[in-house]
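Have a look at the structure below before the remarks.
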There are 2 protein chains.
Amino acid sequence: MRKLKYSKQREAIKDFLSESSHPTADEIYIKVREQFPNVSLGTVYRNLNLLSECGEIRKLTFPEGPDHFDNNTTPHYHFVCRHCGRVFDLSLRGVELELPDKEGLMPGHIEGYSLICYGTCNSCIGMRA
Amino acid sequence: MRKLKYSKQREAIKDFLSESSHPTADEIYIKVREQFPNVSLGTVYRNLNLLSECGEIRKLTFPEGPDHFDNNTTPHYHFVCRHCGRVFDLSLRGVELELPDKEGLMPGHIEGYSLICYGTCNSCIGMRA
DNA sequence: TATAAAAACAGTAATAATTACTATTATTAA
DNA sequence: TTAATAATAGTAATTATTACTGTTTTTATA
């Protein structure tokens, strides 16, 4: 694996990730620009990809809209509101999948999985009521 | 819900979907063009979106590459190979999630979910051995 | 069967998200 | 202190998808 050198831009990206909830690359870009006005969106994407590859963060892909990024790499799932697009964490104790144990059923070697729930969040339900 | 009128292009798209495994819009386009040389990619996308909205097919989104489409709308999961990108069906009896029963844990009303496993498929494992 | 409204079409242009390229600057190990 | 390499900003290019427009097809009803 390649060696990462320190960069203050990457540090700012990580800082913002740790204090925010599933931001998109663009949201991170807007925030980091407050501290580094010349930072480029490419730098944000490159660092997010580097950090995902290192396993420091997770990339979340949904059928609608841009990817989101999550600094919580412990096993957990997500709920996405189809109306406002917000992403929520789900712990779902009791829904421990233990998929790696089911290798026999797999068409190969499983290295990870993602569980995404879709629906309408409570605040969007409230708006329609 | 809006009313669909018959179209032979849409019929060809459905036919190909039912005899193939998780094709992308572009793969469908290439195939349907054999029968309708002037079909446009926009027509393929429009019909795939219409059919997804009607619940006749499912759209599959992965972190890499274009969306895939699945004419199997019964509950099942997917395994995606990180190397060749192929998509496999998983039945995984015993991993019945029953998520709709867990509404109390959700930040809203759940309408669906997707479970995607990532890894290396057996044929890609063979190639590296 | 004729007709008219609605839907679908092909072809093209536009958009959104992301990646690639390049010349310069910053980091780091020796 | 230096030299190798990683990282950067800025820009261009790419990929996947959607939107637009004028024409054609479908379908319900007269």
Side-chain angles (χ1 to χ4, degrees), chain A residues 1-17 22-54 56-70 80 82 84-85 87, chain B residues 1-17 22-54 56-70 80 82 84-85 87:
Chain A
M1 203 179 280
R2 77 195 272 207
K3 180 137 197 190
L4 294 192
K5 279 182 182 171
Y6 172 86
S7 100
K8 44 197 191 311
Q9 290 88 341
R10 179 157 57 232
E11 214 54 30
I13 289 165
K14 287 204 275 185
D15 286 351
F16 178 57
L17 268 165
H22 316 107
T24 63
D26 209 64
E27 288 164 354
I28 296 165
Y29 172 57
I30 286 165
K31 185 68 183 184
V32 171
R33 222 168 23 174
E34 290 175 10
Q35 198 179 343
F36 300 98
N38 294 327
V39 75
S40 93
L41 187 53
T43 293
V44 173
Y45 272 107
R46 182 167 26 76
N47 280 297
L48 291 170
N49 286 336
L50 284 170
L51 294 168
S52 309
E53 282 160 25
C54 297
E56 283 201 52
I57 66 173
R58 272 173 67 188
K59 178 162 94 168
L60 309 175
T61 302
F62 306 115
E64 301 277 311
D67 290 345
H68 292 242
F69 296 88
D70 192 345
V80 187
R82 278 177 167 144
C84 65
V87 180
Chain B
M1 202 180 280
R2 77 196 270 210
K3 179 137 198 191
L4 295 192
K5 280 184 182 170
Y6 172 86
S7 100
K8 46 196 190 311
Q9 290 90 340
R10 179 157 57 231
E11 213 55 29
I13 290 166
K14 287 204 275 184
D15 286 350
F16 178 57
L17 268 165
H22 317 106
T24 63
D26 209 62
E27 288 164 354
I28 296 165
Y29 172 57
I30 286 165
K31 186 68 183 182
V32 170
R33 221 168 21 173
E34 290 176 9
Q35 198 180 343
F36 299 98
N38 294 327
V39 75
S40 93
L41 187 53
T43 293
V44 173
Y45 272 106
R46 180 166 27 75
N47 279 296
L48 290 170
N49 287 334
L50 283 171
L51 293 169
S52 310
E53 283 160 25
C54 296
E56 282 200 53
I57 67 173
R58 273 174 65 188
K59 178 161 93 167
L60 308 175
T61 302
F62 306 115
E64 301 277 312
D67 289 346
H68 292 242
F69 296 88
D70 193 344
V80 187
R82 277 176 168 147
C84 65
V87 180

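On a predicted model such as this, the values are computed, not experimentally measured, just so you know. In what follows, every chain begins at residue 1, and chains take the letters A, B, ... in the order their sequences are listed.
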Query raised in the report: Is there a side-chain polar atom (N or O) of A:Q9 under 4.0 Å from OP1 or OP2 of C:dA26?
Result: no

Query raised in the report: How about B:F62 and B:V87: do any of their side-chain heavy atoms sit closer than 4.5 Å?
Result: yes

Query - Presence of B:K3 side-chain N/O under 4.0 Å of D:dT27 phosphate oxygens OP1/OP2 - result: no

Query raised in the report: At under 4.0 Å, does any side-chain N or O of B:S7 touch on OP1 or OP2 of D:dT26?
Result: no

Query raised in the report: Taking OP1 and OP2 of C:dA10, is either one under 4.0 Å from a side-chain nitrogen or oxygen of B:T43?
Result: yes

Report task. Choose from C:dA10, D:dT17, D:dG10 the nucleotide whose nearest atom is closest to any side-chain atom of A:N38. Result -> D:dG10

Query - Minimum heavy-atom distance A:Y29-A:S40, with the two atoms named - result: CE1-C, 3.8 Å

Query raised in the report: Side chain of B:D67: nearest nucleotide among C:dC9, D:dT17, D:dT8?
Result: D:dT17

Query - Distance, rounded to the nearest Å, where A:E64 contributes CD and D:dT17 contributes P - result: 11 Å

Query raised in the report: What is the distance from CZ of A:F62 to P of D:dT17, rounded to the nearest Å?
Result: 17 Å

Requested in this report: Just compare C:dA10, C:dC9, D:dA9 and give me whichever is closest to any side-chain atom of A:S40.
Outcome: D:dA9

Report summary line: Atom CD of A:E11 and atom C1' of D:dA7 are separated, to the nearest Å, by 14 Å

Requested in this report: Give the rounded distance in Å between these two atoms: CZ of A:R46 and P of C:dT19.
Outcome: 12 Å

Report task. Rounded off to whole Å, could you give me the NZ-to-P distance for the B:K59 and D:dA16 pair? Result -> 14 Å

Requested in this report: Measure from CG on A:L48 to C1' on D:dA7 and round the result to the nearest Å.
Outcome: 15 Å

Requested in this report: Using modelled atom types only, decide if a donor and an acceptor are shared between the side chain of A:H68 and the backbone of A:H22 within a distance under 3.5 Å.
Outcome: yes

Query raised in the report: Across the strands shown, which category fits A:Y45 at heavy-atom distances under 4.0 angstrom: base, sugar-phosphate, nothing?
Result: base

Report summary line: Between B:G65 and B:L4, the residue closer to the 5' end of DNA chain D by nearest nucleotide is B:G65

Query raised in the report: Could a donor-acceptor pair under 3.5 angstrom be found where the side chain of B:K5 meets the base of C:dA6?
Result: yes

Report task. Begin with the C-alpha distance, continue with both residues' side-chain angles, and end with the deciding distance and a verdict on side chain to side chain contact (heavy atoms under 4.5 Å, CB included) for B:N49 and B:R46. Result -> CA-CA 5 Å; B:N49 287 334; B:R46 180 166 27 75; 6.0 Å; no

Query raised in the report: Counting any heavy atom closer than 4.0 Å, what does B:R10 reach on the DNA or RNA strands: base, sugar-phosphate only, or nothing?
Result: sugar-phosphate

Requested in this report: Determine the sole option in A:K14, A:E11, A:Q9, A:R10 for which the side chain to side chain donor-acceptor pair (under 3.5 Å) test with A:N47 is passed.
Outcome: A:R10

Report task. Assign B:D26 to base, sugar-phosphate, or nothing according to its heavy-atom contacts below 4.0 angstrom with the strands shown. Result -> nothing

Query raised in the report: Expressed in angstrom and rounded to an integer, what is the separation of B:L50 atom CG from D:dA19 atom P?
Result: 12 Å

Query raised in the report: Among the nucleotides D:dA7, C:dT27, C:dA8, which one has an atom lying closest to any side-chain atom of A:Y6?
Result: C:dT27

Query raised in the report: For the pair made of CG in B:N47 and P in D:dA19, what is the distance, rounded to whole Å?
Result: 15 Å

Requested in this report: Heavy atoms only: give me the nearest A:L48-A:I57 pair and the separation to one decimal.
Outcome: O-CD1, 3.6 Å

